[in-house]
Amino acid sequence: EAYGWHVLRVGDGNDLVGIEAALKAARAEAERPTLVILRTHIADPAPTKRDTPEAHGAPLGAEEIRRTKEIMGWPAEPAFHVPEEARADLGRAVATGAALETEWHDLLARYSEAHPVLAAELKLALAGALPDGWDAHLPTFSPTDKLATRQASAAVLKRLVEHLPTLIGGSADLAGSTGTEIPGAALFGPKQAGPTVAWGIREHGMAACLNGMAAHGGVRPYGSTFLVFADYLRPSLRLAALSRLPVILIGTHDSIGLGEDGPTHQPVEHLAMLRATPNVVVLRPADATETVEAWKVALRRLDGPTVLVLTRQKLRVIDRSSHGSADGVRCGAYVLREAEGELQAILIATGSEVGVALDAADRLAAEGLGVRVVSMPSWELFAAQPAEYRESVLPAAVRARVAIEAAASFGWERYITEAGEAIALDRFGASAPGDRAFAELGFTPEHAVQAVKRVLNRSRA
């Protein structure tokens, strides 16, 4: 009621006449959502278990079931009784459904004949497929650019909305911060069907709506918030993963690099939580170019949620003429910078920390040490690659490895081996400018250089 909903109450949750009247009133309401409140009793009409907590999680038991059936006038046998009236009503529902399906296919056939181009687009959208050339207009970035990956994502999204009309979404009241505010785009509402949705400050509700839209099909839904607020949408995300729904979530302000908002807004454990969820693919791009590739991966995935993890702070754009191609993002991890001379150690990093790894590798190379830098935007995509590819990126013979990620170290042991180290954040962050937070908490080239030297010394011992 406080939100302006149309609220109806039916005093008795078993009052079928009252329920039908409420549903008719709900359908007649064209401007507001409707909430129908029913008052019921748990385990009604069980004689001894009605209104008891035991009825919530334990079987009633044979005797209680027998007595309940007596009260209801229900036959004792069979154990699961379906009245003929119910069976006949279900049969009518099947016939009605078949008729509606035939009507739909007839309508689609007539529409296809009258509007062949639009019908082809519709069929493609309903199949979850992407039109030819959908990615031809995506932005490119120069090594002279410096921008946050959330800003790169905003540039990508602007182009996508122009050429992919099925893409629809928005933010949990953070559009300006998450890069999902599309200039000139109409808001979706009761009187118009724009590509942007103002979800309001309700991450869980936003993610639940994304699930419904993805399950219905015909659109590619996305939502955005700060990464730390993924906690609020966790139940809906888990259901999306369980149902393998192709929703896209954008989590920005992804580390201590966000700055003075401090520990309450600086995610630490969230990457580990997301990576631990089956069927979820997490992508934490290292620069603007990787962000473009991450969006391509997200839109091509149809078998589960994809989470784009993006920075608030600006990052340099990696020069691809002297580094590995960003299309390696689709493989989850790739060689970004090859070692000069003999391969002695491997630096593995994600997101903004890839820049730290590159700077450390330059310093180590100046000292004659051969260090490879691997950008690993997605654990899940890398784990899905053939063994031969994974070996080519992380050779088993090279045990001296250092991972750099401004998040919990949990899980990194699978990639750094028992001989390696993780420069990670197994504590909460601190309120300080992003650069200072990184320096104070050890995410610097100097710290990475010392870590590589330590693991090399141990491997040689």
Distance, nearest 0.5 Å, that separates CG of Leu187 from CD of Gln192: 7.0 Å

Over 60° means perpendicular and under 30° means parallel, so tell me whether Tyr111 and His115 are parallel, tilted or perpendicular. tilted

Taking atom CG of Asp435 as the centre, does the number of heavy atoms from other residues, nucleotides or ligands within less than 6.0 Å exceed 12? no

Shortest non-hydrogen separation from Phe141 to Ala155 and the atoms involved: CZ-CB, 4.3 Å

Lys/Arg-Asp/Glu bridge criterion (N-O < 4.0 Å) met for Arg234, Glu269: no

From Leu122 CG over to Leu108 CG, what is the distance, rounded to the nearest 0.5 angstrom? 6.5 Å

Aromatic plane relationship, Phe226 with His253 - under 30° parallel, 30 to 60° tilted, over 60° perpendicular: parallel

Under 4.0 Å between a side-chain nitrogen and a carboxylate oxygen: does that hold for Arg312 and Asp261? no

Taking all heavy atoms of Ala326 and all of Thr289, pick out the closest pair and write down the distance. CB-CG2, 3.6 Å

Step by step, would you call Thr291 with Ser153 a side chain to side chain donor-acceptor pair (under 3.5 Å)? CA-CA 6 Å; Thr291 304; Ser153 174; over 6 Å; no

Sidechain N-carboxylate O distance under 4.0 Å for Arg150, Asp254: no

Does CZ belonging to Arg39 count more than 12 external heavy atoms closer than 6.0 Å? no

I'd like to know if the side chain of Asp426 reaches the main chain of Ser409, judged simply by a donor and an acceptor atom lying under 3.5 Å from each other, with no hydrogens or angles considered. yes

Check: Leu157 and Trp295 side chains under 4.5 Å, non-hydrogen atoms: yes

Side-chain donor/acceptor of Arg401 to backbone N/O of Tyr415, under 3.5 Å: yes

Crowding at CZ, Arg275 (>12 non-hydrogen neighbours, <6.0 Å): yes

Test ring-ring contact (aromatic ring centres under 6.0 Å, His included) applied to Trp134 - qualifying residues, sequence neighbours left out: none

Do the non-hydrogen side-chain atoms of Leu174 and Thr252 ever get within less than 4.5 Å of each other? no

Any donor and acceptor pair, going by atom type alone, linking the side chain of Glu121 with main-chain N or O of Ala119 inside 3.5 Å? no

Pairwise distance CD(Glu405) to CZ(Phe410) - rounded to 0.5 angstrom: 13.0 Å

Do Thr311 and Ser352 get their side chains close enough for a donor-acceptor pair, meaning under 3.5 Å? no

So, do Val452 and Arg363 sit near enough that their side-chain heavy atoms are less than 4.5 Å apart? no

Rounded to the nearest 0.5 Å, how far apart are CZ of Arg244 and CG of Asn279? 3.5 Å

Should we say atom CG of Asp303 is surrounded by more than 12 heavy atoms from elsewhere, each under 6.0 Å from it? yes

One should read off an interatomic distance between Leu227 CG and Leu271 CG, to the nearest 0.5 angstrom, of 6.0 Å

The single option from Val371, Leu394, Val393, Ile416 that satisfies side-chain contact (heavy atoms from CB on, under 4.5 Å) with Ile346 is Leu394

With a 3.5 Å cut-off and sequence neighbours excluded, list the donor-acceptor pairs that the side chains of residues 201-210 form with protein atoms.
| from | atom 1 | to | atom 2 | distance (Å) |
| --- | --- | --- | --- | --- |
| Arg202 | NH1 | Trp199 | O | 2.8 |
| Glu203 | OE2 | Thr225 | OG1 | 2.9 |
| His204 | ND1 | Ser236 | OG | 3.1 |

Taking CZ in Phe382 as the centre, count heavy atoms belonging to other residues, nucleotides or ligands within less than 6.0 Å. Is the count above 12? yes

Atom CZ in Arg301, atom CZ in Arg220: separation rounded to 0.5 Å? 9.5 Å

Would you mind reporting whether Glu290 and Tyr334 have side-chain heavy atoms less than 4.5 Å apart? yes

Given 3.5 Å as the limit, does a donor-acceptor pair link the side chain of Thr149 with the main chain of Ala288, or not? no

Taking all atoms of both residues into account, what is the closest heavy-atom pair of Ser378 and Leu283, and its distance? CB-CD2, 3.7 Å

Are any side-chain N or O atoms of Ser142 and backbone N or O atoms of Thr144, one a donor and one an acceptor, separated by less than 3.5 Å? yes

Would you say Arg436 has more than 12 foreign heavy atoms packed within less than 6.0 Å of its CZ? no

Looking at Tyr389, I'd like to know if its OH atom is crowded, meaning that more than 12 non-hydrogen atoms belonging to other residues, nucleotides or ligands lie closer than 6.0 Å. yes

Between Lys158 and Glu181, does any side-chain N to carboxylate O distance fall below 4.0 Å? no

Min side-chain heavy-atom separation Phe188-Ile168 under 4.5 Å: yes

Report the residue from Leu308, Val309, Val329 that forms a side-chain contact (heavy atoms from CB on, under 4.5 Å) with Pro377. Val329

Of the non-hydrogen atoms in Asp359 and Pro445, which two are nearest, and what is the gap between them? CB-CG, 3.6 Å

Between Glu293 and Asp327 the two heavy atoms that sit nearest each other are OE1-CA, 3.9 Å

Which heavy atom of Gly13 sits nearest to which heavy atom of Leu38, and what is that distance? CA-CB, 4.0 Å

Carboxylate-amine/guanidinium proximity below 4.0 Å for Arg458 and Glu421: yes

Does some side-chain heavy atom of Glu440 sit less than 4.5 Å from a side-chain heavy atom of Ile256? no

State, with a plain yes or no, whether a side-chain heavy atom of Gln266 is found less than 4.5 Å away from one of Ser255. no

Would you say that Gln450 contacts Ile423 through its side chain, given a criterion of any heavy-atom pair below 4.5 Å between the two side chains? no

